[in-house]
Novice: 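Before I ask anything, let me first share the structure, which is written out below as structure tokens.
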Amino acid sequence: RRMRMRGSIGTLVLFLAFITVTDSADLPSVKRGGPPNRNAEKFSDVFNQMGFAGVRKMAARQQAEPGHAHMFNGFRLAGDFLHLGSFVFLLMQFRSARSCTGISLKTQELYLIVFIARYMDIFWNFISLYNSVMKLLFISATVYVIYMMRVELKQTQTKEPNGDKIGGAICLGALILSLLYNDRYPNGNYFEAFVEIAWTFSIYLESVAIIPQMEVLNRAKVVKNLTANYLFALGAYRVFYLLNYGYRYTVDPVSSREFIIKAIAAIVQTALYVRFFMMYLESKQKTGVHADVVINQKGIV
């Protein structure tokens with residue numbers, strides 16, 4: 001089983017490396033006023049026939065907007081592969097221990113809400129093969145994790161007595177903030193406004209979705225090795241994405257509001273990981289890379 005899993009991971013890595021090289025070679029040629037997005041044209045026609053005028057207008061406008069020529073920078077790629085690596089560590093823990101103890105189901109459900117809200121544009125906004133594959137991978141991997149926790153490993157779930165309250169408060173706070181401060185609020189085009197607010201909501205929600213997981217860790221006091229590696233990779237992914245946002249802001253035509261939303265959310269999320277990073281590195285230094293991580297009396301959050 002482990003050999004099959006490693007083979008699958010290796011195949012996935014090679015495939016992603018191939019489409020990364022291919023897309024990064026083609027993407028710089030796509031700029032504002034460049035060739036039309038044929039995928040957007042196709043979906044625009046379909047949605048137009050179905051009566052979704054808002055989607056048609058959005059797809060048409062995105063054809064005229066710039067392809068982000070510096071999307072495939074080292075910070076972005078490192079962040080994406082660390083994010084995928086976090087899923088690998090988590091699923092390895094599930095398969096090897098046949099247990100999901102120590103993992104917050106509520107955090108995983110919040111992440112699913114994040115990905116659905118952020119990637120709904122996959123049906124009409126084609127940027128690159130790499131981008132579309134990543135969106136599908138993040139959604140499908142999160143769905144699979146939740147399935148494992150709710151069905152196959154249900155008996156080993158860690159109880160979260162305050163999970164629903166924390167999750168509800170986090171979602172409500174992110175929704176209110178996304179309504180008050182978003183990148184743009186178009187007049188007259190309600191569908192476009194909905195998509196924009198959903199994207200902003202996903203950014204705010206992701207920044208604090210880890211809180212239920214941190215609460216679980218505070219009570220556990222000891223974090224299994226693979227679980228600790230999962231959390232470390234997840235936090236490192238946000239650090240690299242924060243660097244990616246800063247780099248993109250200097251070289252691509254990104255609005256100030258979009259940058260502020262992304263940067264502040266990434267800073268908040270990274271800050272939530274700081275104490276865990278310190279405990280992780282200290283524990284690994286003392287007990288070795290394969291040892292579990294001990295949470296000190298002060299906790300993480």
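Positions are given from 1, in the same order as the sequence printed here.
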Novice: Given side chains that start at C-beta, do those of Ile210 and Leu231 come closer than 4.5 Å, heavy atoms only?
Specialist: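 They are in contact (side-chain heavy atoms under 4.5 Å apart), so the answer is yes.
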Novice: Hey, quick one: are Leu242 and Met278 part of the same hydrophobic cluster, counting side-chain heavy atoms closer than 4.5 Å, chains of contacts allowed?
Specialist: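 No, separate clusters.
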Novice: Do Tyr237 and Leu77 belong to the same hydrophobic cluster, where Ile, Leu, Val, Met, Phe, Trp and Tyr are linked whenever their side-chain heavy atoms lie under 4.5 Å apart, directly or via other members?
Specialist: yes
Novice: Heavy atoms only: give me the nearest Ile170-Pro212 pair and the separation to one decimal.
Specialist: CD1-CD, 4.1 Å
Novice: Look only at the side chain of Thr158 and the backbone of Thr101, and say whether a donor-acceptor pair between them is shorter than 3.5 Å.
Specialist: no
Novice: Parallel, tilted or perpendicular for Tyr119 and Phe138, by the 30°/60° rule?
Specialist: parallel
Novice: Quick one: are Ser178 and Trp199 in side-chain contact, heavy atoms under 4.5 Å?
Specialist: no
Novice: Determine whether Val216 and Val208 fall in the same hydrophobic cluster, where Ile, Leu, Val, Met, Phe, Trp and Tyr are linked whenever their side-chain heavy atoms lie under 4.5 Å apart.
Specialist: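 Val216 and Val208: separate clusters.
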Novice: State, with a plain yes or no, whether a side-chain heavy atom of Leu234 is found less than 4.5 Å away from one of Tyr273.
Specialist: yes
Novice: Is a side-chain donor or acceptor of Ser207 paired with a backbone partner of Tyr204 at a separation under 3.5 angstrom?
Specialist: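 Such a contact is found between Ser207 side chain and Tyr204 backbone.
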Novice: With a 4.5 Å cut-off on side-chain heavy atoms, are Phe87 and Leu137 touching?
Specialist: no
Novice: Could you tell me whether a side-chain N or O of Gln108 sits under 3.5 Å from a main-chain N or O of Val143, the two making a donor and an acceptor?
Specialist: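 Not at all, since once roles are kept as given, no pair shorter than 3.5 Å links the two residues.
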Novice: Please tell me if the side chains of Arg118 and Glu206 come closer than 4.5 Å, counting only heavy atoms from C-beta onward.
Specialist: yes
Novice: In Å and rounded to the nearest 0.5 Å, what is the CG to CG distance from Leu153 to Leu105?
Specialist: 11.0 Å
Novice: Please report the closest heavy-atom contact between Cys100 and Phe94, naming both atoms and the distance.
Specialist: CB-CE2, 3.5 Å
Novice: To check you understand the geometry: which heavy-atom pair defines the closest contact between Ile103 and Met149, and what is its length?
Specialist: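 Heavy atoms only, the tightest pair is O-CE, 3.4 Å.
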Novice: Return the CE to OG1 distance between Met214 and Thr107, rounded to the nearest 0.5 Å.
Specialist: 8.5 Å
Novice: Mind checking whether Glu215 and Ile166 have side chains closer than 4.5 Å, heavy atoms only?
Specialist: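 Yes; the side chains approach each other to less than 4.5 Å.
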Novice: Aromatic rings His83 and Phe115: how do their planes relate, parallel, tilted or perpendicular, breaks at 30° and 60°?
Specialist: tilted
Novice: What I'd like to find out is whether the side chain of Arg275 reaches to under 4.5 Å of the side chain of Met279, using heavy atoms alone.
Specialist: yes
Novice: What's the shortest heavy-atom distance between Arg219 and Pro161, and which atoms?
Specialist: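 The pair with the smallest heavy-atom distance is NH2-CD, 4.0 Å.
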Novice: Could you tell me if Ser104 and Glu160 have a donor-acceptor pair between their side chains, going purely by distance under 3.5 Å?
Specialist: yes
Novice: Donor-acceptor pair, Thr270 side chain versus Ile267 backbone, under 3.5 Å?
Specialist: no
Novice: Is a donor on one side and an acceptor on the other found under 3.5 Å between the side chain of Asn73 and the backbone of Arg76?
Specialist: yes
Novice: Would Leu180 and Leu172 show up in the same hydrophobic cluster when neighbours are defined by side-chain heavy atoms closer than 4.5 Å?
Specialist: yes
Novice: Following the transitive rule for hydrophobic clusters with a side-chain heavy-atom cut-off under 4.5 Å over Ile, Leu, Val, Met, Phe, Trp and Tyr, establish whether Val151 and Leu91 coincide in one cluster.
Specialist: yes
Novice: Whether the side chain of Arg257 engages the backbone of Asn182 through a donor-acceptor N/O pair (distance < 3.5 Å, no angle test) should be reported.
Specialist: yes
Novice: Identify the two heavy atoms, one from Gly235 and one from Phe277, that lie closest to each other, and give their separation to 0.1 Å.
Specialist: C-CZ, 3.4 Å
Novice: For the rings on Tyr241 and Tyr245, is their centre-to-centre separation under 6.0 Å?
Specialist: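 Between Tyr245 and Tyr241, which both carry aromatic rings, the centre distance is below 6.0 Å.
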Novice: Do Val145 and Tyr111 have side-chain heavy atoms sitting under 4.5 Å apart?
Specialist: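 Answer no - side chains too far apart.
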Novice: Testing Val223, Thr227, Asn229 for side chain to side chain contact (heavy atoms under 4.5 Å, CB included) with Asn225, which one passes?
Specialist: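 Only one option passes, and that is Asn229.
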Novice: Might you point out which heavy atoms bring Gly167 and Leu110 nearest each other, and give the distance in Å?
Specialist: O-CD2, 4.2 Å
